[in-house]
Amino acid sequence: TATPDSITQDGVSQSSIVVTAKNATGQAAAGVPFRLDMCVGGAAADYGQLSGKTVVTGTDGRAIAVYTSPPPQKPFQSSDGP
């Protein structure tokens with residue numbers, strides 16, 4: 001899950017990313033590693049920043065990372081002159 005699931009592209013807004021793992025009986029699974037990657041337009045790319053790309057579940061079966069939005073895009077400027 002991502003909370004909040006929508007943030008502003010301002011370079012400071014953050015979202016908490018939580019990955020949950022359960023075993024075959026539905027109990028929390030501790031010590032499960034996960035790799036987190038970002039995709040932009042369907043391709044892997046760094047866009048913004050993750051607090052960690054590898055997270056491991058704790059005794060509660062949850063692993064948490066924080067995503068920080070990228071800086072705002074600069075306005076388009078024409079090179080055609082004034």
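Hydrogens, waters and symmetry mates are skipped; everything else that's a heavy atom, side chains included, is used.
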Atom pairs and distances, side-chain donor-acceptor, residues 4-11, under 3.5 Å, sequence neighbours left out:
unit_1, atom_1, unit_2, atom_2, d
Gln9, OE1, Tyr47, OH, 3.1
Gln9, NE2, Tyr47, OH, 3.0
Gln9, NE2, Pro71, O, 3.0
Asp10, OD1, Val12, N, 2.9
Asp10, OD1, Ser13, N, 2.7
Asp10, OD1, Ser13, OG, 3.0
Asp10, OD1, Ser69, OG, 3.2
Asp10, OD2, Ser13, OG, 2.8

Ignoring hydrogens and angles, write down the donor-acceptor pairs under 3.5 Å from the side chains of residues 31-40, residues two or more places apart or on other chains.
unit_1, atom_1, unit_2, atom_2, d
Arg35, NE, Asp37, OD1, 3.3
Arg35, NE, Asp37, OD2, 3.4
Arg35, NH2, Asp37, OD1, 3.2

Query raised in the report: After noting the C-alpha distance and the side-chain angles of Thr1 and Arg62, does the key distance pass the side-chain contact (heavy atoms from CB on, under 4.5 Å) rule?
Result: CA-CA 11 Å; Thr1 60; Arg62 296 172 7 124; over 6 Å; no

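The number of heavy atoms from other shown groups lying within 6.0 Å of NZ (Lys22) does not exceed 12.
Here the rule is side chain to side chain contact (heavy atoms under 4.5 Å, CB included) with Ser51, and of Thr68, Ile17, Ile64, Val66 only Val66 fits it.
In terms of modelled atom types and a separation under 3.5 Å, the side chain of Thr57 and the main chain of Ala29 share a donor-acceptor contact.
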